[in-house]
*Asks:* 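First, the structure itself, so that you have it in front of you.
We use all heavy atoms of the structure for the numbers below, so side chains are in, but hydrogens, waters and symmetry mates are not. The shown structure was predicted, so the numbers you read here are calculated from the model rather than taken from an experiment.
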Amino acid sequence: MKKVLALLLVLVMALTFVACDGNKDTEPTDAPSGGTDYSDVKVGVVHIGDPADGSGYSFAHDQGIVAMQKNLGLKDDQIVRQLNIADNDKAATKTAIEDCIAKGCTIIFTTSYGYMDTTEELAKEYPDVIFSHGTGYKSNDKNFNNYFGRIYQARYLAGIAAGLKSVSGKIGYVAAYGTELAETCSGINAFALGVQSVNPDAKVYVKTLNSWFDPANETAFAEALIEMGCDVIAQHCDTANPQKAAESKGVFGCGYNSDMTAEAPKAHLTAPIWNWGVYYTAAVKAAAEGKWAEFGNYFAGVKEGFVDVSPLSENCAENTQKYIDAVKALYNEGSWDVFSGVKLSFDDNGAVVKTDADLVDNTGKVQVAAGGASIEDGVIQGTMNYFVAGVELK
């Protein structure tokens, strides 16, 4: 069951839009006065990395936790953070979660895909604690949900920036995983489709890490793609290392999770980012109000303000913002989504042109017939396991 609580989301949007927008110096809103008493709430969060790194996945999640804390008026001792917990280490994950429980946490957020099975097991063992798992697909309709978003929408927008900037028509992509996970696969596909909307003959070359967090290879794989002739480097991995590699080699890049312009000021174009504070505020509010049973799973997108791209840097090509804004308008209208049988391009004035066209994978198989409705459920339910035409695994 995938439910986005639209009404609750609308209520918290005003509180959270100014927080966690990928900018490190954003001031969250003031705590609300009156209403629900949050004094008995204690929040645990399990991070795969360390937010102190200042950018990337764990930093972005923690910015959302900080926004939630300010929005709801929680004190510092009401937040328990577990840092650098490898998501492929089940024992470490279990210990981190149980430590949160021992410290009195009433709701625990486990933020990485590999925490899923352990979170599910502990949700059964501790029915009075609420567990919320980021990414993945498991839930129990009781005290365990999962949350993610239509980040593929933001990746399409980043693809526009990359496609406009690329001269070689070769764009590299350092990914945690490939077609085995719909999360990574759909992101690569959406990015490639965004590239193709402005640079139809461009190709996206993918190297997979088989890990969410591998700083050394994040650099090495980016450098290998640059050696192949890629002049823009995108990523779905945790650190800013691919962007730093792009800058060191004199090419450009699109980061992920947070605005990585500070890490690579001469290279970075934009990054798909999360406004995690939207979710964390809504989730803790629902838990504190005793409404968790009706809260359900969560999967929102650009329209709801949950995902976006970071402010475009001065490295972007002319008219990049205009093209991106045109596609965002379609998301906001609900008139188009990425994985449909409708292809986007732009006329000489930068206006969107819609053309009915088959969505074809890189083996030539038609996945969506021309004019067909969007199949974003393939992302939500984890069944997208193919690359679109123009994507090649290296």
*Asks:* Given the side-chain rings of Phe295 and Trp292, with only the six-membered ring counted for Trp, is the space between their centroids under 6.0 Å?
*Replies:* yes
*Asks:* Counting distance only, does the side-chain N/O of Thr36 pair as donor-acceptor with the main-chain N or O of Tyr38 below 3.5 Å?
*Replies:*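 The answer is no, because no donor-acceptor pair under 3.5 Å joins these two groups.
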*Asks:* Is there a side-chain contact between Glu183 and His236, using heavy atoms and a 4.5 Å cut-off?
*Replies:*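 Of all side-chain heavy-atom pairs linking His236 with Glu183, at least one is under 4.5 Å.
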*Asks:* Say whether, by atom type as modelled, one donor and one acceptor occur between the side chain of Asp37 and the main chain of Asp40 under 3.5 angstrom.
*Replies:* no
*Asks:* So do the side chains of Ile108 and Ile101 get within less than 4.5 Å of each other, counting heavy atoms only?
*Replies:*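 Side-chain contact under 4.5 Å: yes.
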*Asks:* Taking the side chain as everything from C-beta on, heavy atoms only, tell me whether Ile324 gets closer than 4.5 Å to Leu312.
*Replies:*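 Of all side-chain heavy-atom pairs linking Leu312 with Ile324, at least one is under 4.5 Å.
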*Asks:* Measuring only between side-chain heavy atoms, which start at C-beta, is His268 closer than 4.5 Å to Glu263?
*Replies:* no
*Asks:* Using 30° and 60° as the class limits, which term best fits the ring planes of Tyr147 and Phe109: parallel, tilted or perpendicular?
*Replies:*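 Tyr147 and Phe109: perpendicular rings.
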*Asks:* Can you tell me how far SG of Cys230 sits from NZ of Lys203, rounded to the nearest 0.5 angstrom?
*Replies:*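 Output value for this atom pair is 12.0 Å.
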*Asks:* Ignoring hydrogens and geometry beyond distance, is a side-chain donor-acceptor pair present between Gln78 and Gln69 at under 3.5 Å?
*Replies:*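 Gln69 and Gln78 do not have a side-chain donor-acceptor pair below 3.5 Å.
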*Asks:* Output, in order, the C-alpha distance, side-chain angles, deciding distance and verdict of side chain to side chain contact (heavy atoms under 4.5 Å, CB included) for Val174 and Lys207.
*Replies:* CA-CA 5 Å; Val174 181; Lys207 289 185 73 68; 5.6 Å; no
*Asks:* Write out all pairs satisfying salt bridge (Lys or Arg N to Asp or Glu O under 4.0 Å) with one or both partners inside residues 98-126, taking only residues at least two apart or from two chains.
*Replies:*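 Pairs touching residues 98-126 that pass the test: Lys90-Glu121, Lys94-Glu98, Asp99-Lys103, Asp117-Lys138, Glu120-Lys138.
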*Asks:* Does the side chain of Val352 reach to within under 4.5 Å of the side chain of Phe346, using non-hydrogen atoms?
*Replies:*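 Answer yes - side chains close enough.
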*Asks:* Taking only residues two or more places apart in sequence, or in another chain, which ones meet Ser166 in a side chain to side chain contact (heavy atoms under 4.5 Å, CB included)?
*Replies:* Ser168, Ile171, Asn199, Asp231, Val232
*Asks:* Considering non-hydrogen atoms only, spot the tightest contact between Met228 and Lys394 and give its length.
*Replies:*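 Where Met228 meets Lys394 most closely, the heavy atoms are CE-CE, 3.6 Å.
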*Asks:* Could you go step by step and tell me if Ser258 and Gln63 meet the side chain to side chain contact (heavy atoms under 4.5 Å, CB included) rule?
*Replies:* CA-CA 10 Å; Ser258 63; Gln63 287 293 97; over 6 Å; no
*Asks:* Does the ring centre of Phe306 sit less than 6.0 Å away from the ring centre of Tyr298?
*Replies:* yes
*Asks:* Quick one: are the ring centres of Tyr152 and Phe339 less than 6.0 Å apart?
*Replies:* yes
*Asks:* Only one of Leu359, Val338, Val342, Asp337 passes side-chain contact (heavy atoms from CB on, under 4.5 Å) with Ser374; say which it is.
*Replies:*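 When side-chain contact (heavy atoms from CB on, under 4.5 Å) is applied between Ser374 and each of Leu359, Val338, Val342, Asp337, only Asp337 qualifies.
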*Asks:* Ring centres under 6.0 Å, that's the criterion: do Tyr156 and Trp336 meet it?
*Replies:*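 Ring centres of Trp336 and Tyr156 closer than 6.0 Å.
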*Asks:* Rounded at 0.5 Å granularity, tell me how far CD1 in Ile233 sits from CD1 in Ile226.
*Replies:*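 The CD1 atom of Ile226 is 4.5 Å from CD1 of Ile233, to the nearest 0.5 Å.
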*Asks:* Between Gly194 and Ser197, which heavy-atom pair has the shortest distance, and what is it?
*Replies:* O-OG, 2.6 Å
*Asks:* I'd like to know if the side chain of Asn257 reaches the main chain of Ala60, judged simply by a donor and an acceptor atom lying under 3.5 Å from each other, with no hydrogens or angles considered.
*Replies:*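 Here the side-chain-to-backbone pair does not exist.
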*Asks:* What pairs with Thr355 under side chain to side chain donor-acceptor pair (under 3.5 Å), at least two apart in sequence or on another chain?
*Replies:* none
*Asks:* Just verifying a value: how many Å separate Ile160 CD1 and Leu269 CG, rounded to the nearest 0.5 Å?
*Replies:*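 Taking CD1 in Ile160 and CG in Leu269, the distance rounds to 12.5 Å.
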*Asks:* With a sphere of 6.0 Å drawn around CD of Glu180, does it hold more than 12 non-hydrogen atoms of other residues, nucleotides or ligands?
*Replies:*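 Yes, because the 6.0 Å sphere around CD of Glu180 holds more than 12 heavy atoms from other groups.
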*Asks:* Looking at Arg150, Arg155, Lys328, which one forms a salt bridge (charged side-chain N to carboxylate O under 4.0 Å, His left out) with Asp308?
*Replies:*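 The residue from Arg150, Arg155, Lys328 that satisfies salt bridge (charged side-chain N to carboxylate O under 4.0 Å, His left out) with Asp308 turns out to be Lys328.
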*Asks:* Taking atom NZ of Lys365 as the centre, does the number of heavy atoms from other residues, nucleotides or ligands within less than 6.0 Å exceed 12?
*Replies:*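 No, NZ of Lys365 has 12 or fewer neighbouring heavy atoms, counting only those of other groups under 6.0 Å.
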*Asks:* Under the criterion side chain to side chain contact (heavy atoms under 4.5 Å, CB included), I'd like the reasoning laid out for Phe148 against Tyr113: C-alpha separation, chi angles, the key distance, then a yes or no.
*Replies:* CA-CA 10 Å; Phe148 201 55; Tyr113 187 94; over 6 Å; no
*Asks:* Closer than 3.5 angstrom, by distance alone: can the side chain of Ser58 be matched with the main-chain N or O of Pro51 as a donor-acceptor pair?
*Replies:*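 No, the answer is negative, given that no donor and acceptor are paired below the 3.5 Å cut-off.
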*Asks:* Can you see whether His61 engages Tyr280 through a side-chain donor-acceptor pair at a distance of less than 3.5 angstrom?
*Replies:*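 Yes, a side-chain donor-acceptor pair sits under 3.5 Å.
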*Asks:* Applying ring-ring contact (aromatic ring centres under 6.0 Å, His included) to Trp274 and Tyr57, what does each step give before you reach the verdict?
*Replies:* CA-CA 9 Å; Trp274 297 87; Tyr57 187 75; 8.2 Å; no
*Asks:* Less than 4.5 Å apart, any side-chain heavy atom of Ser139 and any of His133?
*Replies:*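 No, too far: nothing below the 4.5 Å cut-off.
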*Asks:* Are Asn385 and Thr179 linked by a side-chain donor-acceptor pair shorter than 3.5 Å?
*Replies:* no
*Asks:* Check the pair Tyr279, Ser132 against side-chain hydrogen bond (donor to acceptor under 3.5 Å, both in side chains), reporting the backbone distance first and the verdict last.
*Replies:* CA-CA 11 Å; Tyr279 174 71; Ser132 189; 2.6 Å; yes
*Asks:* Asn189 side chain to Val388 main-chain N or O, any donor-acceptor pair under 3.5 Å?
*Replies:*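 Flag set: sc Asn189 to bb Val388 pair under 3.5 Å.
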*Asks:* Could you measure the distance from the CG atom of Leu164 to the NZ atom of Lys322? Nearest 0.5 Å is fine.
*Replies:* 12.0 Å
*Asks:* Under a 3.5 Å cutoff, is there a donor and acceptor pairing between the side chains of Glu392 and Asn362?
*Replies:* no
*Asks:* Would you say the side chain of Asn210 lies within less than 4.5 Å of the side chain of Tyr177, judging by non-hydrogen atoms?
*Replies:* yes
*Asks:* If you take all heavy atoms of Ala283 and Ile107, which pair is closest and at what distance?
*Replies:* O-CD1, 4.2 Å
*Asks:* Which one of Leu74, Thr281, Ile79 satisfies the side-chain contact (heavy atoms from CB on, under 4.5 Å) criterion with Ile65?
*Replies:* Ile79
*Asks:* May I ask you to check whether Thr110 and Thr119 show a side-chain donor-acceptor distance below 3.5 Å?
*Replies:* yes
*Asks:* Shortest non-hydrogen contact from Thr383 to Ala182?
*Replies:* N-CB, 4.1 Å
*Asks:* Counting N and O atoms only, with roles assigned by atom type, does the side chain of Thr118 sit under 3.5 Å from a partner on the main chain of Tyr115, one being a donor and the other an acceptor?
*Replies:*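 A pair under 3.5 Å: no.
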*Asks:* Does Ser310 reach the main-chain N or O of Asp259 with its side chain, forming a donor-acceptor pair under 3.5 Å?
*Replies:* no
*Asks:* Taking everything shown except Glu314 itself, do over 12 heavy atoms lie less than 6.0 Å from its CD?
*Replies:* no
*Asks:* With rounding to the nearest 0.5 Å, note down the distance linking OH in Tyr256 to CG in Asp238.
*Replies:* 9.0 Å
*Asks:* Take a 6.0 Å sphere around NZ of Lys165 and say whether it holds more than 12 heavy atoms from other residues, nucleotides or ligands.
*Replies:* yes
*Asks:* Do Val302 and Val307 make a side-chain contact, defined as non-hydrogen atoms from C-beta onward lying under 4.5 Å apart?
*Replies:*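 Val302 vs Val307: side chains touch.
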